[in-house]
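For ligands, and for the atoms within them, numbers begin at 1 and follow the listed sequence.
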Amino acid sequence: MAVTLGAPASTALLGVYKPAAPVFVAGEGCRLIDEDGRAYIDFVAGIAVNALGYSDAGVNAAIAAALESGLVHTSNLFRTRPAEELATELVARSFADRVFFCNSGAEANEAAIKFARKWARTRGGPEKHDLVAFRGSFHGRLMGSLALTDRPSYQTPFTPLMPGAHIVAMDDDAAVRAAVSRARTAAIFVEPIQGEGGVRVVPAQRLAWLRALADEADALLIFDEVQCGLGRTGQLFAHEATGVVPDVMTLAKPLAGGLPMGATLLTERVAQVMQPGDHATTFGGGPLLATVALEVLRRVAAPEFLAHVIAMGAHLHATVNGWTDVPGITQVRGRGLMWGIELDRPAAPIVAAALEKGLLLVPAGERVLRIVPPLVIAEEELDAGLAILKDVLS
Ligand code: PLP
């Protein structure tokens, strides 16, 4: 069956996406089913969101339980138990002392920007407001996070951007040092593993160096774990593998099992500058979302779950490394179940060809194929998807 990328979607939808042709009507485990009943192996997981796959019994039960209570939303004018429990568990499982809930990755980063600026103002006055991010970064598309996102084509149509944002090459010591100062810098923003920028693992030593630089400048170190966090790398949080601890961390994608939820986690010294009224969002931490997120968090944090991610990641890496007869692969990099296969040619035609053969893939940048399947993927499903990929690449 011929399926193509970029088929016209409903004309009622704003044309900011170019969706692939299949119209999906169902999902089961690590497969999606289209209107014609055709199944596709999913190496995308809703862009690193559906950690537990589709039709997960636990997620479905959590949704049902939340609906049973009748409480989908109350607003933050009132207390609800699920958000309080979820925040308590996130704190117990991380470096953080406090959690702010919101609705997306970009929104979690916007909150982090505001927390950093308010904190920095108490340390050095209003001039201490700069934010430093890195080449290849992606932090979101709202006006603050967009300024920290290294994609001129995403930024240029929407200038002026948020002032005080600097994007520098992470491996250029002099440039990073020049961008970070005690007088002006509020925070350094970094993805411990860059996702959209091509699946690039930041070496632990570089993160440690950034930690030291932030401390020297009395600035915050903020880890954006929107894509690499919550079990994706085989640790609950990607930075755990490095021993480097941030002051603030943002989460989103997998947090509420496919429902929209973001979170900004922070230490007490940052949290104490935020007062009632300083920041808010109507839907943040609603009881339905928080109930589902509790289920996701408890499942992905289980040692046997994380061990499965590591085992499947090692299997994937070994398999792709063994493709010595496949032309055009220039690098394979990643950790856990977050991998990038860099090609010597554009990735989009490979993604389109894989779709035709029943495998869903997403590029990360122009020449990188990204593999971010549901974390529950079994070895046979991984092998079935990789066989399609090898065939397409060959
Ligand atoms: N930060 C990172 C590392 C991301 O990968 C993304 C999305 O891909 C975002 C932030 C933005 O998240 P959202 O699309 O939920 O706003």
Side-chain angles (χ1 to χ4, degrees), residues 14 16-17 19 43-51 100-116 131-151 153-155 158 161-162 165 167 170 187-202 207 210 221-233 237-239 246 248-265 281 283-285 289 292-293 296 333-340 361-365 368 370-373 375:
L14 183 66
V16 291
Y17 303 108
F43 277 8
V44 179
I47 320 184
V49 168
N50 301 316
F100 173 80
F101 291 120
C102 55
N103 311 287
S104 69
E107 218 196 323
N109 285 329
E110 299 290 322
I113 291 168
K114 288 180 70 178
F115 301 164
L131 302 155
V132 176
F134 297 102
R135 288 261 164 267
S137 63
F138 185 93
H139 296 294
R141 294 172 183 256
L142 301 181
M143 288 313 275
S145 48
L146 181 63
L148 300 174
T149 288
D150 183 30
R151 291 279 185 104
S153 65
Y154 293 174
Q155 295 176 327
F158 307 106
L161 302 173
M162 175 185 71
I167 294 180
M170 199 185 299
I188 300 174
F189 261 79
V190 53
E191 293 159 83
I193 300 181
Q194 288 189 342
E196 304 298 308
V199 190
R200 290 171 205 281
V201 181
V202 180
L207 289 181
L210 293 174
L221 182 64
I222 300 180
F223 284 167
D224 177 342
E225 293 219 14
V226 165
Q227 186 159 162
C228 63
L230 285 166
R232 175 65 47 196
T233 61
F237 303 115
H239 70 265
V248 178
M249 172 173 69
T250 55
L251 300 174
K253 290 177 176 288
L255 182 55
L259 299 174
M261 186 177 218
T264 308
L265 283 67
T281 183
F283 294 111
L289 297 172
V292 178
V296 173
R333 51 182 185 246
R335 198 192 293 154
L337 282 172
M338 180 171 183
W339 288 91
L361 286 170
V362 59
V368 179
R370 184 169 17 165
I371 303 183
V372 283
L375 302 182

Given 3.5 Å as the limit, does a donor-acceptor pair link the side chain of Gln194 with the main chain of Val202, or not? no
Between Arg370 and Glu196, does any NZ, NE, NH1 or NH2 come within less than 4.0 Å of an OD or OE carboxylate oxygen? yes
Would you mind telling me which of Leu142, Ile113, Leu146 makes a side-chain contact (heavy atoms from CB on, under 4.5 Å) with Met162? Ile113
Look at the aromatic rings of His239 and Phe223 and report parallel, tilted or perpendicular, splitting at 30° and 60°. tilted
Taking atom CZ of Phe189 and atom CG of Leu210, what is their separation to the nearest 0.5 Å? 13.5 Å
With sequence neighbours left out, write down each residue that passes side-chain hydrogen bond (donor to acceptor under 3.5 Å, both in side chains) with Arg135, or none if nothing qualifies. Asp150
Quick check on ligand 1: any N or O pairs to the protein under 3.5 Å? One line per pair.
unit_1: ligand 1; atom_1: 1 (N); unit_2: Phe138; atom_2: O; d: 3.3
unit_1: ligand 1; atom_1: 1 (N); unit_2: Asp224; atom_2: OD1; d: 3.3
unit_1: ligand 1; atom_1: 1 (N); unit_2: Asp224; atom_2: OD2; d: 2.7
unit_1: ligand 1; atom_1: 5 (O); unit_2: Gln227; atom_2: NE2; d: 2.8
unit_1: ligand 1; atom_1: 8 (O); unit_2: Glu196; atom_2: OE2; d: 3.4
unit_1: ligand 1; atom_1: 8 (O); unit_2: Lys253; atom_2: NZ; d: 3.1
unit_1: ligand 1; atom_1: 12 (O); unit_2: Ala106; atom_2: N; d: 3.4
unit_1: ligand 1; atom_1: 15 (O); unit_2: Gly105; atom_2: N; d: 2.8
unit_1: ligand 1; atom_1: 16 (O); unit_2: Ala106; atom_2: N; d: 2.8

